[in-house]
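Just so we're clear, the structure is a prediction, and the values are computed from it rather than from any experiment. Per chain, numbering begins at 1; letters A, B, ... match sequence-line order. Note that these values count all heavy atoms, side chains included, but never hydrogens, waters or copies made by symmetry.
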Amino acid sequence: MNYWLMKSEPTTFSIDHLIHLPNSTDHWEGVRNYQARNFMRDNMRIGDQAFFYHSNCEVPGIVGIMDIVQESYPDFTAFDPLSNYYDPKSTPENPRWFMVSVHALQKFDKTLSLSELKTYPQLHEMVLLRPGNRLSVTPVSKKEWQFILALNTGSQS
DNA sequence: GCCAACGTTGGC
DNA sequence: GCCAACGTTGGC
C-alpha cells in the first residue's frame with residue numbers, strides 16, 4: 001500500500017465538502033500538472049491512503065485522511081468547455097488528464113499546520129516540505145505517514 | 001496582495 | 001531543442 005498527500009484549496013473544495021457528499025466520496029478533479037497526474041494515473045491503487053491538505057488559506061496544513069476507492073480514469077472536467085478545468089487538448093478519445101475517486105476516512109479535530117510539520121526532523125525529507133515544491137499530489141513514505149498519524153493520536157474526531 | 005519558484009508555451 | 005516570456009502555485 002502506498003501513501004499520498006493531496007492538496008486542495010478549501011474555498012474550492014474542502015474536507016467538509018467531501019465529508020458531506022454521499023458516502024463521503026468524490027472524484028479528485030482538476031489536476032493539471034503532469035507529474036501529479038502520473039502519480040495518480042500510474043501509482044495510485046485502491047486502498048492507498050492519502051492526507052487531505054488545505055492550501056492557499058489561512059492555516060495551510062493536513063486536515064484529515066482519505067482512501068482511494070477508484071483507480072484512475074479520464075478527468076471529464078477537461079472535456080467541459082464550461083469548466084474551469086477545461087482543456088481542449090484533452091479529448092475522450094485521447095484523454096490527457098486523469099482523476100481518482102477518494103473517500104474521507106477521518107477529519108482531524110485541528111489542522112496539522114505546515115508550520116508545525118516543518119518543526120519535526122523526522123519529516124525533513126517529506127516531498128511536501130522540499131523547497132519550491134508545488135505538486136498537488138505527492139508521495140508520503142510509510143515512516144512519514146505513521147509519524148504524522150501518531151502526532152494526531154488522541155485528537156481525532 | 002506580493003513575489004519566489006517552478007512549469008508551460010511558442011518563436012526561432 | 002533552446003530559452004525568454006508568461007502563467008500558476010501557494011506561503012507569507
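- Between A:Lys89 and B:dT9, a side-chain N or O to OP1/OP2 separation shorter than 4.0 Å is present.
- Considering only side-chain atoms of A:Ser55, the nucleotide from B:dG7, C:dG10, C:dC12 that sits closest is C:dG10.
- A donor-acceptor contact shorter than 3.5 Å links the side chain of A:Lys7 to the backbone of A:Leu135.
- Atom pair A:Asn133:CG and C:dT9:P shows a separation of 13 Å (rounding to whole Å applied).
- The 5' end of DNA chain B is approached more closely, in terms of each residue's nearest nucleotide, by A:Arg134 than by the other of A:Arg134 and A:Arg96.
- From A:Ile148, atom CD1 reaches atom OH of A:Tyr120 across 10.0 Å, with rounding to the nearest 0.5 Å.
- The interatomic distance linking A:Tyr85 (OH) with C:dT8 (C1') rounds to 13 Å, in whole Å.
- What separates CG of A:Asp87 from C1' of C:dT8 is a distance of 15 Å, to the nearest Å.
- How far CZ of A:Phe147 is from OG of A:Ser141: 11.0 Å, rounded to the nearest 0.5 Å.
- Atom CZ in A:Arg130 sits about 12 Å away from atom P in B:dC6, given to the nearest Å.
- Ring geometry, A:Phe13 versus A:His17: the interplanar angle falls under 30°, so the pair is classed parallel (tilted spans 30 to 60°).
- Relative to the side chain of A:Gln35, the nucleotides B:dG7, B:dT8, C:dC12 differ in distance, and B:dG7 lies closest.
- Between A:Tyr34 atom OH and B:dT9 atom P the separation is 6 Å, expressed in whole Å.
- Atom pair A:Arg32:CZ and C:dG10:C1' shows a separation of 19 Å (rounding to whole Å applied).
- As rounded to whole Å, 12 Å separates atom P of B:dC6 from atom NZ of A:Lys7.
- A:Met126 places its CE atom 13 Å from the P atom of C:dG11, with the value rounded to the nearest Å.
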